[in-house]
Number of protein chains: 2
Amino acid sequence: MSQPDTRQRLLDAAERLFAAEGFHNTSVRAVTSEAQANLAAVKYHFGSKEALLEAVFERRLVPLNQLRRERLEAVRAAARQHGGRPVTTDVLRAFIEPTLAFRDHGPGAEAFVRLVGRAIAEPDDTIRKIFMQLVNPLFILLYDTLGEALPELSATERFWRLHFAIGSLSHAMCLAGHFQILPTGVTSLPDATALTAMMLNFLTAGMEAPCA
Amino acid sequence: MSQPDTRQRLLDAAERLFAAEGFHNTSVRAVTSEAQANLAAVKYHFGSKEALLEAVFERRLVPLNQLRRERLEAVRAAARQHGGRPVTTDVLRAFIEPTLAFRDHGPGAEAFVRLVGRAIAEPDDTIRKIFMQLVNPLFILLYDTLGEALPELSATERFWRLHFAIGSLSHAMCLAGHFQILPTGVTSLPDATALTAMMLNFLTAGMEAPCA
DNA sequence: TCATAAATCAAACGTTTGTTTTAATAGGAA
DNA sequence: TTCCTATTAAAACAAACGTTTGATTTATGA
């Protein structure tokens with residue numbers, strides 16, 4: 001029997017199922033069945049289905065957020081050191097590169113990326129707040145750092161351009177490995193590095209566009 | 001009693017609740033209760049809960065799609081008439097302007113915009129296919145028209161840049177009237193016209209960015 | 001070895017789910 | 001009126017839901 005850590009197996013199964021079927025469309029029984037655990041194990045290890053979702057988010061989002069924060073702070077520090085502004089594309093890269101590269105962080109990570117990509121648009125207030133509580137401080141840091149890179153941009157413009165970028169990113173996260181029919185001419189799917197390069201190229205141009 | 005059209009009241013209630021709480025988190029009883037109709041009315045008028053969702057999509061998406069298609073075809077025709085390419089920002093505007101302006105199309109339209117913004121990232125295959133079946137032909141037309149505006153762009157680049165744009169748009173649609181805390185300096189929220197202008201400015205720059 | 005805690009288990013809790021059935025009510029045409 | 005169809009209504013369906021209980025097993029440390 002592979003029963004080393006029931007808690008871990010529950011997190012793995014919940015991560016996969018919540019990403020593939022959605023939170024409300026996934027039953028606790030489906031999770032415990034896939035994890036080869038007893039139905040009551042969710043209550044024992046986490047307390048409730050919602051607390052399980054919170055644990056799924058926290059397990060991967062806490063280290064990912066720390067990495068993204070470090071990269072953003074590094075860009076800020078480097079700019080301050082040579083007395084200039086941070087470069088827009090560096091700021092965006094500090095946030096986006098670790099995010100898209102995360103899908104290669106072992107099995108389940110790809111499902112997690114899809115789960116996170118959807119969480120920001122989650123209708124259920126309780127669920128969205130669980131997620132936002134974890135990522136909002138980072139969004140604020142990104143917003144502030146973009147303000148240092150683009151001081152001529154008004155707060156309103158910067159706010160909405162950041163949301164446009166977040167939309168592009170989260171949509172691309174949802175598409176990870178979840179592919180529809182491709183148009184003729186689009187042969188293969190890009191890896192995380194190539195996708196990051198394309199997205200940075202696109203979003204940097206949008207961020208730096210002169211105001212109309 | 002306001003009982004002119006039970007079918008219409010069911011669509012209105014379902015539209016609002018599906019957008020606010022999500023499809024799987026909304027019960028048929030909640031819909032019929034808000035519509036002041038009998039529980040069995042959903043089965044009688046639509047057949048099932050899923051068929052009700054499909055009707056919610058179709059009621060507004062069919063005319064909206066027709067408008068977007070006309071606007072896209074008009075841009076194509078105008079370009080062909082004077083023997084040149086369509087302009088990128090005109091192509092994007094033809095699709096985006098009617099989409100964002102739709103939230104002012106009477107009561108319930110704002111909720112519908114949010115519902116559509118989320119539908120593209122819907123985990124449930126059945127639901128996403130109901131939606132995709134309605135919008136995919138338009139996405140293909142948009143993809144082709146962008147190819148006429150930007151013939152130097154590779155199919156892969158164009159494909160992903162379109163997805164980045166769709167991500168920005170759908171995220172902005174989800175945010176409509178559903179606002180979180182605003183950062184200092186961001187005072188008021190833009191109307192559909194102002195938001196369209198900002199988004200077009202952003203996405204046009206991204207679309208026309210030189211390849212790295 | 002024994003006691004204590006941690007973990008797992010089967011089973012049932014009461015509710016809620018989407019759906020269905022059957023009867024009652026309305027409204028217009030003959 | 002009378003008949004027929006369209007619509008509404010109340011009630012129940014079986015199934016699935018998240019949660020909880022209490023007993024049992026497993027592991028740990030004295």
Side-chain angles (χ1 to χ4, degrees), chain A residues 1-57 59 115 122-131, chain B residues 1-59 115 119 122-131:
Chain A
M1 296 289 178
S2 62
Q3 309 254 58
D5 197 347
T6 302
R7 197 188 145 91
Q8 202 77 15
R9 295 203 315 281
L10 287 171
L11 287 171
D12 291 340
E15 179 175 71
R16 196 194 73 77
L17 285 165
F18 290 164
E21 318 279 351
F23 177 75
H24 287 294
N25 202 24
T26 299
S27 67
V28 176
R29 282 166 177 84
V31 174
T32 54
S33 170
E34 175 160 324
Q36 299 192 76
N38 187 271
L39 172 59
V42 165
K43 153 118 177 158
Y44 179 78
H45 285 282
F46 302 97
S48 70
K49 186 189 179 187
E50 270 192 1
L52 169 62
L53 176 68
E54 193 167 355
V56 167
F57 277 134
R59 176 173 64 153
L115 181 65
E122 169 66 43
D124 189 300
D125 271 353
T126 312
I127 299 177
R128 202 183 56 254
K129 275 174 185 168
I130 288 174
F131 171 74
Chain B
M1 293 292 177
S2 62
Q3 310 256 56
D5 195 348
T6 303
R7 195 187 147 90
Q8 202 77 14
R9 294 202 319 279
L10 286 171
L11 287 171
D12 291 340
E15 177 174 74
R16 197 195 71 77
L17 284 165
F18 290 164
E21 319 279 349
F23 177 75
H24 287 294
N25 202 24
T26 299
S27 67
V28 177
R29 283 165 178 83
V31 173
T32 55
S33 170
E34 176 159 324
Q36 299 193 77
N38 187 271
L39 172 59
V42 165
K43 152 120 176 157
Y44 179 79
H45 286 281
F46 301 96
S48 68
K49 186 189 178 187
E50 270 192 2
L52 169 61
L53 176 67
E54 192 168 356
V56 167
F57 277 132
E58 278 181 356
R59 176 174 63 154
L115 182 65
E122 171 64 44
D124 190 301
D125 271 353
T126 312
I127 299 177
R128 202 183 55 256
K129 275 173 184 166
I130 289 174
F131 171 73

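This one's a predicted model, so the numbers in the text were calculated from it and none came from an experiment. The sequence lines fix the lettering, A, B, ..., with proteins before strands; numbering per chain opens at 1.
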Taken to the nearest whole Å, CZ/Arg7(A) to P/dT8(C) is 12 Å
What integer distance in Å separates Asp5(A):CG from dA6(C):P?
16 Å
So OG1 of Thr6(B) and CD of Gln8(B): to nearest 0.5 Å the spacing works out to 10.5 Å
dist Thr26(A):OG1 -> Leu53(A):CG (nearest 0.5 Å) comes out at 10.0 Å
Holding to side chain to side chain donor-acceptor pair (under 3.5 Å), I want the full list of residues that pass it with Asn38(B), two or more places apart in sequence or in another chain.
none
Under the side chain to side chain donor-acceptor pair (under 3.5 Å) rule, collect the residues that match up with Arg128(A), sequence neighbours excluded.
Asp125(A)
Residues at least two apart in sequence or cross-chain that pass side-chain contact (heavy atoms from CB on, under 4.5 Å) with Thr126(B), listed by chain then number, are Glu50(B), Asp124(B)
With B for base contact, S for sugar-phosphate-only contact and - for none (protein heavy atoms under 4.0 Å), nucleotides 10-24 of chain C reads B-B----BBBBB---
Both distances under 3.5 Å, Watson-Crick or G-U wobble: on that basis, could you give the dot-bracket string for DNA chain C, with [ ] for crossing pairs and | for other-strand partners?
||.||||||||||||||||||||||||||.
Could you pull out the protein-nucleic contacts involving nucleotides 4-6 of chain D (nitrogen or oxygen on both sides, under 3.5 Å)?
none

Side-chain N,O (Thr6(B)) to OP1/OP2 (dT8(D)) below 4.0 Å
yes
Tell me which pairs pass ring pair (Phe, Tyr, Trp, His ring centres under 6.0 Å) where either residue lies in residues 17-36 of chain B, with sequence neighbours left out.
Phe18(B)-Phe23(B)
Applying ring pair (Phe, Tyr, Trp, His ring centres under 6.0 Å) as the test, list every pair that has at least one member in residues 31-57 of chain B; sequence neighbours left out.
Phe57(B)-Phe131(B)
Residue pairs passing the salt bridge (charged side-chain N to carboxylate O under 4.0 Å, His left out) test with at least one member in residues 16-45 of chain A, sequence neighbours excluded, are Arg16(A)-Glu34(A)
If every non-hydrogen atom of Ala37(A) is compared with every non-hydrogen atom of Leu10(A), which pair is closest and at what distance?
CB-CD2, 4.1 Å
Salt bridge (charged side-chain N to carboxylate O under 4.0 Å, His left out) with Glu122(B): which residues, sequence neighbours excluded?
none
